[in-house]
Amino acid sequence: MQASLRPDRWLGLAWAFLLITGYSARAQNEPIKFGVIDSRDLTAAPFVGDSAAAAVVLCDFGRSRLKGQGGGFQVIFERVTRIKILKKPGYEYATVEIPLYHRDDNQEKVSNLRGFTYNLVNNAVEKTRLETSGAFLEKRTPTVNVQKFTLPNVRVGSVVEFAYTLTSDFLFNFQDWTFQRDIPVRWSEYRVSIPSFYRYKIIYQGAQAFAVNKATVGSTNLVIDDKIPAGAGISAGQKVGTLTVSAPTAEHTWALKDVAAFGEEPFMTTAQDYVARLDFELAGEQWPDAPYHDLTGTWEKINASLLAEEEFGGRLGHIGFMQSQLQGLAAKYPVITDRAAAVRQLVMAAVRYDGTDHYFAPEPLRKAYEAHRGTSAEVNLLLIAALREAGIEAQPLLLSTRDHGSVSKEYPLLDRFNYVMALVPLADGKDLLVDATEPLLPCGVLPQRCLNRVARLITKKPEDSRWVDLAPTLRRVHYQQVALALDARGGLTGKVHDEHGGYAGAEARARLASQGEKKYLATAAQRHESWTLSKPALAQTDNVEKPLVLDYEFAQPAEGPAAAGALYLSPLSEFGLGQNPFRREQRDFPVDFGLAQDETLVINLTLPAGYELAAVPKPAVVDLPEGGGRFMCSVAAAPGAVTLTSRLTLRNAVYSAEQYPNLRELYRLMLEKQGEKLIIQKKAGS
């Protein structure tokens, strides 16, 4: 998240911050009443200015409060949501998923689930009730289940509505709120009531101003079990009744109106990094006549708790089941980088990554080893343990993958991470980052999904823990060299040499592995519909340190007899990008490629005998501000031949929203230049 675009705003509920206005959040009229619908919402009248919208959220209303339960408290979250279906693709919004976190004996549960689908039939409102027996629970991860249900009788023009209560045992997991979706939102409102003895940091991510942002002081009575200490024949902690705890509350209401749909764009991380939302972090507690207890997480606390946790630090101990394979590596590979690469190869051969990302391993690593398959945590925790067994000082490195979201250095929140890999310190002061989930990359090169700015090093000594820059060591490199020969009828023959290097090489090898050689070659030919390809040859398919090479020959026959006039040809467009990936005129968040890029195309064109260029194309150079990148096109003409060179260099992994217009214009000018036609005519007197 770029601070200049999506500023984090701390709205902490300290009493000095509260605005005492006489306004009561509890006394407000609710923006929606379940089961009561305005018939105008069922008409065919337009609802949003976004004509492409498949649906629109008419109202999304949630509120959270605390409730006494046993000897402690629970978070009670209630929600009512109403959505208008505008087009058939909008049917998907009639299916709802509610994530439910659970850990040990604590969990989140859904109750009071209900719903209706409203349709206008013969000018009368028809209501179809949700049969909650059709709702089911799906296990998504070891700590997250998902409650799923689908509203019935949905058609274009329907309004679907659902409501539920979520009860959570996790005070730290106070329900966050997302105002913005991938469809427009007419009204989104969230209310919270927090007793004075708990303090939360509240972080707003968003650029749109609130339609409602009000705070005041209320009060609450919380009933909990009353327990007494041991003595007089009574067991310690024995329940002897109930205790009512009265406290003032921080009452706060936020609402956004007419929120535009968040559209997915090329080259971005997860939408959660950019949509308008509120996040809550438990900061501390203060009971009457007691000092304030700081509950804010710190990196030092996270460091210590992870290493003490059996599912993390406990997995980094002795791994006898691999000991025989690791013995002797120190003598065979005295250079640390070579030895680390050898250990990585052993781990990759033993356990294959299953596509699931975690930073913890619930089961002993031997289980994944024997199954030859495991999550990223199981693979990379095994890697760290194996590196240590081979005499290499390796430490775990926590990060968040691109599809999981950004990590804030300011807020120490463990749930923002979902991945672990190894860091090996080198003698020159540099770090070797080692990951064993991607065999198609060399040792020391991170998978693209991990290129998400920064990671946190976890060490036994808190003072050694630090942030690590995840700037990639490789670029995405694509190089094409083409030899073309044009005949007098307009037919073409030629040879193509195509190299995919760096991350482009890993992408190409992944396609080759999934498609097979025959389909891979067929796919390469699809762009040139009228060409006949021959003599295809792949090279360096298994050497991930080198570019993947494809050589082939082709022929494109002329469509008719020899041309009486000029011949026209756009050779760069045949091998160039084809279209601009940046369609929108404006973008409100960064372009995040994750890595630098280099795209080079060299075409050597031989003209027919007796022909020449009517005019030599002009070279072009387009630079991005502050050295961010360049497009260059050069032309070298000689009698009977011309060489065209097109090169795009993007030096930054990330371009801010302010830089977007320049980046978009660079692509537009590049495609315009690549689309220019060469005019080839007979020489005078020929």
Side-chain angles (χ1 to χ4, degrees), residues 2 4-5 265-269 445 448 451 453 469-482 484 496-508 527 547-548 570-587 589-605 613 615-638 642-678:
Q2 298 291 310
S4 59
L5 302 173
E265 298 265 3
F267 310 113
M268 58 176 280
T269 55
V445 178
Q448 276 190 249
L451 300 180
R453 316 284 182 88
D469 187 358
L470 296 180
T473 55
L474 290 184
R475 298 169 296 157
R476 178 185 284 112
V477 180
H478 187 202
Y479 174 79
Q480 298 175 86
Q481 186 168 13
V482 184
L484 292 178
V496 177
H497 176 79
D498 190 316
E499 296 184 6
H500 287 87
Y503 281 97
E507 293 167 0
R527 181 171 178 179
L548 177 68
S570 301
L572 288 174
S573 65
E574 279 287 350
F575 298 90
L577 186 63
Q579 63 180 6
N580 194 334
F582 304 113
R583 307 285 184 86
R584 295 176 184 259
E585 291 187 9
Q586 182 179 330
R587 179 160 165 155
F589 52 92
V591 176
D592 192 332
F593 292 107
L595 66 163
Q597 303 181 68
D598 200 324
E599 184 97 19
T600 303
L601 170 58
V602 179
I603 295 182
N604 299 301
L605 174 63
L613 290 177
V616 178
K618 293 181 180 180
V621 177
V622 182
D623 284 311
L624 290 175
E626 302 176 358
R630 164 178 283 195
F631 165 67
M632 180 275 294
C633 184
S634 64
V635 183
V642 61
T643 298
L644 305 172
T645 302
S646 169
R647 183 172 185 182
L648 172 66
T649 303
L650 297 176
R651 299 185 181 93
N652 297 346
V654 180
Y655 294 85
S656 69
E658 289 84 1
Q659 295 171 309
Y660 175 75
N662 291 324
L663 185 64
R664 181 172 182 262
E665 179 66 4
L666 179 142
Y667 270 81
R668 187 191 70 80
L669 292 172
M670 177 181 71
L671 291 169
E672 183 179 88
K673 191 66 182 176
Q674 290 180 346
E676 286 183 358
K677 290 187 179 296
L678 299 179

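In this chain, residues are counted from 1 in sequence order.
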[X] to [Y] - nearest heavy-atom pair and separation:
X: Pro617; Y: Val635; value: O-CG2, 3.6 Å
X: Pro590; Y: Val654; value: CB-CG1, 3.8 Å
X: Gln674; Y: Leu572; value: O-CB, 3.6 Å
X: Met632; Y: Val621; value: CG-CG2, 4.1 Å
X: Leu595; Y: Pro472; value: CB-CG, 3.7 Å
X: Tyr503; Y: Gln448; value: CD2-CG, 3.3 Å

Can Arg587 and Phe589 be said to form a side-chain contact (heavy atoms from CB on, under 4.5 Å), step by step?
-> CA-CA 6 Å; Arg587 179 160 165 155; Phe589 52 92; 3.6 Å; yes

When rounded to the nearest 0.5 angstrom, what is the spacing between [atom1] in [X] and [atom2] in [Y]?
X: Leu484; Y: Glu574; atom1: CG; atom2: CD; value: 9.0 Å
X: Met268; Y: Asp592; atom1: CE; atom2: CG; value: 9.5 Å
X: Leu666; Y: Leu624; atom1: CG; atom2: CG; value: 5.0 Å
X: Asp598; Y: Thr649; atom1: CG; atom2: OG1; value: 4.0 Å
X: Gln597; Y: Leu648; atom1: CD; atom2: CG; value: 7.0 Å
X: Gln481; Y: Thr645; atom1: CD; atom2: OG1; value: 9.0 Å

Test side-chain contact (heavy atoms from CB on, under 4.5 Å) applied to Ser573 - qualifying residues, sequence neighbours left out | Ser570

By side-chain contact (heavy atoms from CB on, under 4.5 Å) - contacts of Thr473 (at least two apart) = Val445

Which is it for Arg664 and Arg668 under the side-chain contact (heavy atoms from CB on, under 4.5 Å) test, yes or no, and what are the steps along the way?
-> CA-CA 6 Å; Arg664 181 172 182 262; Arg668 187 191 70 80; 5.8 Å; no

So, do [X] and [Y] sit near enough that their side-chain heavy atoms are less than 4.5 Å apart?
X: Arg647; Y: Thr600; value: yes
X: Asn662; Y: Pro625; value: yes
X: Pro547; Y: Val477; value: no

Measure up the Phe582 and Phe267 rings against each other and bin them: parallel (under 30°), tilted (30 to 60°), perpendicular (over 60°).
-> tilted

Geometric class of the His500/His478 ring pair [parallel <30°, tilted 30-60°, perpendicular >60°] = parallel

Would a distance-only check, ignoring hydrogens and angles, find a side-chain to backbone donor-acceptor pair under 3.5 Å from Lys673 to Lys618?
-> yes

Assess whether side-chain contact (heavy atoms from CB on, under 4.5 Å) is satisfied between Leu650 and Phe593, documenting all intermediate values.
-> CA-CA 9 Å; Leu650 297 176; Phe593 292 107; 3.8 Å; yes

Check against side-chain contact (heavy atoms from CB on, under 4.5 Å), Leu644 and Leu605 | CA-CA 8 Å; Leu644 305 172; Leu605 174 63; over 6 Å; no

Please name all residues satisfying side chain to side chain donor-acceptor pair (under 3.5 Å) with Tyr655, sequence neighbours left out, ordered by chain then number.
-> none

